[in-house]
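Scroll down for the structure; my scribbles are underneath it.
None of the values given here were measured: they were computed from a predicted structure.
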Amino acid sequence: MSAKILEVKKESCPAVRLVGKRYDASPDWGQWWANNWFAKLETNPRHPFNGDAYIGAVRVKEGRPERWIGMFFPEDATVPEGFEYVDIPPTDYAVCYLCAPENSSDFYTMETHEMCLNALKAAGMTRREDDWCFERYQCPRFTTPDENGNVILDYGISVL
């Protein structure tokens, strides 16, 4: 596995509105690029917790994974036509800053998820079961490789 944890930080996120598209199966990032959907969302002010990042998120709802692609906005944000939303109450997250080569599939493995769970436990944090996890594709950390060809993905897991 080439993904490494650079740092684990507890980050508090106030109430936010996740605006995007919900998926019961695997999310389709290709649709987002083909339809230029992020550009439609970027016309509205994002929540500071989001920055200029794109968000991939998942939670377990009624025993099944519910996946989202979108962005975090203030809790009263207007939802553009054609998009869905879910309001997320204030939540603390253990955010693992993962480093791996650009385009690495290691960011998205169960081994990496387990590595992050172990790291948050070692840091004295407890996962909030079946609550939100997110991938925050922050520019330029994720979009501009360093001198070794690595990028950084923020991986958040809700904690108590």
Side-chain angles (χ1 to χ4, degrees), residues 1-3 5 8-42 44 46-47 49-98 100 103-138 142 151-160:
M1 173 188 323
S2 64
I5 298 174
V8 178
K9 291 191 334 188
K10 186 174 187 177
E11 297 183 17
S12 294
C13 180
V16 294
R17 177 166 283 176
L18 174 57
V19 177
K21 305 272 184 179
R22 184 179 55 81
Y23 297 86
D24 293 323
S26 294
D28 189 347
W29 287 87
Q31 271 187 324
W32 281 79
W33 305 124
N35 294 305
N36 208 20
W37 287 337
F38 284 116
K40 292 176 184 174
L41 291 182
E42 289 171 334
N44 297 317
R46 272 114 26 228
H47 193 281
F49 189 79
N50 186 92
D52 62 355
Y54 302 145
I55 302 294
V58 64
R59 70 175 170 176
V60 175
K61 186 174 180 185
E62 298 173 4
R64 300 186 58 157
E66 178 184 277
R67 296 171 178 85
W68 286 79
I69 297 175
M71 300 176 88
F72 291 137
F73 291 88
E75 62 184 326
D76 60 350
T78 301
V79 179
E81 186 175 335
F83 292 91
E84 302 169 84
Y85 74 94
V86 61
D87 290 327
I88 302 173
T91 305
D92 288 334
Y93 294 94
V95 179
C96 296
Y97 291 85
L98 300 171
N103 298 319
S104 174
S105 61
D106 287 339
F107 285 123
Y108 315 108
T109 67
M110 282 308 294
E111 285 177 308
T112 299
H113 177 74
E114 291 296 326
M115 179 177 67
C116 291
L117 289 175
N118 291 333
L120 72 87
K121 187 175 181 180
M125 292 181 261
T126 303
R127 176 186 183 188
R128 188 181 302 223
E129 290 295 324
D130 294 341
D131 207 354
W132 291 99
C133 293
F134 67 82
E135 299 157 352
R136 185 171 54 194
Y137 297 91
Q138 184 73 44
F142 190 78
V151 295
I152 298 170
L153 174 67
D154 308 358
Y155 184 67
I157 300 170
S158 59
V159 294
L160 300 173

Beyond-backbone contact of [X] with [Y], side-chain heavy atoms, under 4.5 angstrom:
{"X": "Gln138", "Y": "Asp52", "result": "yes"}
{"X": "Leu18", "Y": "Trp132", "result": "yes"}
{"X": "Phe73", "Y": "Val16", "result": "no"}
{"X": "Ile69", "Y": "Gln31", "result": "no"}
{"X": "Ile5", "Y": "Cys116", "result": "yes"}
{"X": "Arg22", "Y": "Lys61", "result": "no"}
{"X": "Asp154", "Y": "Tyr97", "result": "yes"}
{"X": "Val159", "Y": "Arg128", "result": "no"}

With rounding to the nearest 0.5 Å, note down the distance linking [atom1] in [X] to [atom2] in [Y].
{"X": "Ile157", "Y": "Glu129", "atom1": "CD1", "atom2": "CD", "answer": "10.0 Å"}
{"X": "Trp29", "Y": "Trp37", "atom1": "CH2", "atom2": "CH2", "answer": "12.0 Å"}
{"X": "Glu81", "Y": "Lys40", "atom1": "CD", "atom2": "NZ", "answer": "9.5 Å"}
{"X": "Glu114", "Y": "Lys121", "atom1": "CD", "atom2": "NZ", "answer": "10.5 Å"}
{"X": "Ile55", "Y": "Leu41", "atom1": "CD1", "atom2": "CG", "answer": "11.5 Å"}
{"X": "Met110", "Y": "Leu117", "atom1": "CE", "atom2": "CG", "answer": "7.5 Å"}

Between [X] and [Y], which heavy-atom pair has the shortest distance, and what is it?
{"X": "Tyr93", "Y": "Cys13", "value": "CE1-CB, 3.8 Å"}
{"X": "Cys133", "Y": "His113", "value": "SG-CE1, 4.3 Å"}
{"X": "Arg67", "Y": "Pro27", "value": "CD-CD, 3.5 Å"}
{"X": "Asp87", "Y": "Pro89", "value": "O-CD, 4.0 Å"}
{"X": "Glu75", "Y": "Ala15", "value": "OE1-CB, 3.3 Å"}
{"X": "Phe134", "Y": "Val95", "value": "CZ-CG2, 4.2 Å"}

Quiz item: Parallel, tilted or perpendicular: which describes the rings of Trp32 and Phe38, with under 30° parallel and over 60° perpendicular?
Solution: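 Trp32 and Phe38: tilted rings.
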Exercise. Could you point out which residue of Leu98, Ile152, Thr112 forms a side-chain contact (heavy atoms from CB on, under 4.5 Å) with Phe107?
Key: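 Only one of Leu98, Ile152, Thr112 forms a side-chain contact (heavy atoms from CB on, under 4.5 Å) with Phe107, namely Leu98.
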Quiz item: Are the side chain of Arg46 and the backbone of Asn44 linked by a donor-acceptor contact shorter than 3.5 Å?
Solution: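 Between the backbone of Asn44 and the side chain of Arg46 there is a qualifying donor-acceptor contact (under 3.5 Å).
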Quiz prompt | Distance under 6.0 Å and angle within 45° of ring axis: Lys21 vs Phe83 | solution = yes
Quiz item: Centre of Phe72's six-membered ring, under 6.0 Å away, within 45 degrees of the axis: is that where NZ or CZ of Arg136 sits?
Solution: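 The answer is no; the distance or angle limit is not met.
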Exercise. Using ring pair (Phe, Tyr, Trp, His ring centres under 6.0 Å) as the criterion, point out the one residue from Tyr155, Tyr137, Tyr54 that pairs with Phe142.
Key: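 Filter result, single survivor: Tyr137.
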